[in-house]
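Working notes for the structure below.
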Amino acid sequence: MSQTFRHPDILKIAQKEGKVTVEGLAEHFGVTLQTIRRDLTELAEANKLERVHGGAILPSGTINIEYEERRNLNEAAKLEMARTCAQHIPEGCSVFLNIGTSTEAVARELLHHRDLMVVTNNMNIANILVDNPDCQIIVTGGALRRADGGLVGNITIDTIRQFKFDIAVIGCSAMDEDGDLLDFDVQEVGVSQTIIAQSRKCFLVADHSKFGRSAPARIASMRALSSVFTDRPLPGDLAIRCRDWNTSVFVTS
């Protein structure tokens, strides 16, 4: 297999796993470590991957990957996180679900919950929950972001401020090593900060691909969260910090 044909497959593996290793790819393709290092260098030079020690990760920066790509990224892991998160959402409560493919997965797991009121700034979530007749759905309004069906801006924030939610479920684009949650869109950050402020409990659903990424805008510290649902142990000393902050961490795999 020529390196031209390997590159798309390497990118697919990176999108599925969040990162790739030189040794793992060499074994997968049956080529030398040197060949894979050359592949990763070329993909990094094309800004498709970011080189790290022993492999590469999805590129960080100021631009997020496409929404459809994110929807397919770590799909099985998102399903398990969503199931666990939904188990911690009781029937008969008010819930906010914000923009993101992980929060959409949570919405699907709420299709059989009864007596819910769900407020959302995600058109996709509203359409998912239409199939639950026992769920009252309130859409915030705001400026529609066509790329992902999200609603953002001052109208969205003003609507959210009219509520006090029992539980909010949010996502993020990246997670800094000190426990800060990060995003790419400043408007969305303002919405997320308002959601946290208007919620009695706030849950984060974030798969491990967010651990190795960076984004320019800060949402909040994990200190502000009640619980984190993820698919792998938190990196570094974040688990210890979360314990000190009384932030529960649920690792689903």
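Here, residue 1 is the first one in the sequence, and each next residue gets the next number. As the structure is a prediction and not an experimental result, all values here were calculated from the model.
In this structure the side chain of H7 reaches within 4.5 angstrom of the side chain of E42, judged on heavy atoms. Under the 4.5 Å side-chain criterion, counting only non-hydrogen atoms from C-beta, L116 is in contact with C93. Considering only heavy atoms from C-beta on, R145 comes within 4.5 Å of E188 through its side chain. Side-chain contact between T159 and L151 is absent, with no heavy-atom pair separated by less than 4.5 Å. Put simply, the side chain of T140 does not reach to within 4.5 Å of the side chain of V191, judged on heavy atoms. Under the 4.5 Å side-chain criterion, counting only non-hydrogen atoms from C-beta, V118 is not in contact with N132. Between I160 and V119 there is no side-chain heavy-atom pair separated by less than 4.5 Å. For the pair I36/V20, no side-chain contact is recorded, criterion being any heavy-atom separation below 4.5 Å from C-beta on.
Among pairs with a residue in residues 113-130, those fulfilling salt bridge (Lys or Arg N to Asp or Glu O under 4.0 Å) read R114-D134, at least two apart in sequence or across chains.
Environment of CG in L144: crowded, with over 12 heavy atoms of neighbouring residues, nucleotides or ligands closer than 6.0 Å. Residue-environment remark: CD (E177) stays at or below the threshold of 12 foreign heavy atoms within 6.0 Å. Atom CE of M117 has more than 12 neighbouring heavy atoms from other residues, nucleotides or ligands inside a 6.0 Å radius.
Between F203 and H88, the ring-plane angle classifies as perpendicular under the 30° and 60° cut-offs. The aromatic rings of F163 and F165 sit parallel, their planes meeting at an angle under 30°, below the 60° perpendicular limit.
Take R37 and apply the salt bridge (charged side-chain N to carboxylate O under 4.0 Å, His left out) test, not counting sequence neighbours, and it matches no residue.
Residue L129 comes nearest to C135 through the heavy atom pair CD1-SG, 4.3 Å, listed as atom of the first residue, atom of the second, then distance. Scanning both residues, D178 and W245, for their nearest heavy atoms gives O-CH2, 3.7 Å.
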> When you look at T252 and D231, which way does the side chain to side chain donor-acceptor pair (under 3.5 Å) test go after all the steps?
Replying inline: CA-CA 5 Å; T252 59; D231 61 327; over 6 Å; no
>> Before you tell me yes or no, could you show the steps for N122 and T120 under side chain to side chain donor-acceptor pair (under 3.5 Å), namely the whole-Å CA-CA distance, both residues' side-chain angles and the distance that decides it to 0.1 Å?
In response: CA-CA 5 Å; N122 183 332; T120 185; 5.2 Å; no
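How far CG of D237 is from CZ of R243: 10.5 Å, rounded to the nearest 0.5 Å. Here the NZ-CD distance, from K78 to E104, works out to 9.0 Å after rounding to the nearest 0.5 Å. Within the model, atoms CD1 of I219 and CG of L204 stand 8.5 Å from one another, a figure rounded to the nearest 0.5 Å.
Hydrophobic clustering (side-chain heavy atoms under 4.5 Å, transitive across Ile, Leu, Val, Met, Phe, Trp, Tyr) groups L110 together with V169.
Taking a 4.5 Å side-chain heavy-atom cut-off between Ile, Leu, Val, Met, Phe, Trp and Tyr, the cluster of V186 contains only that residue.
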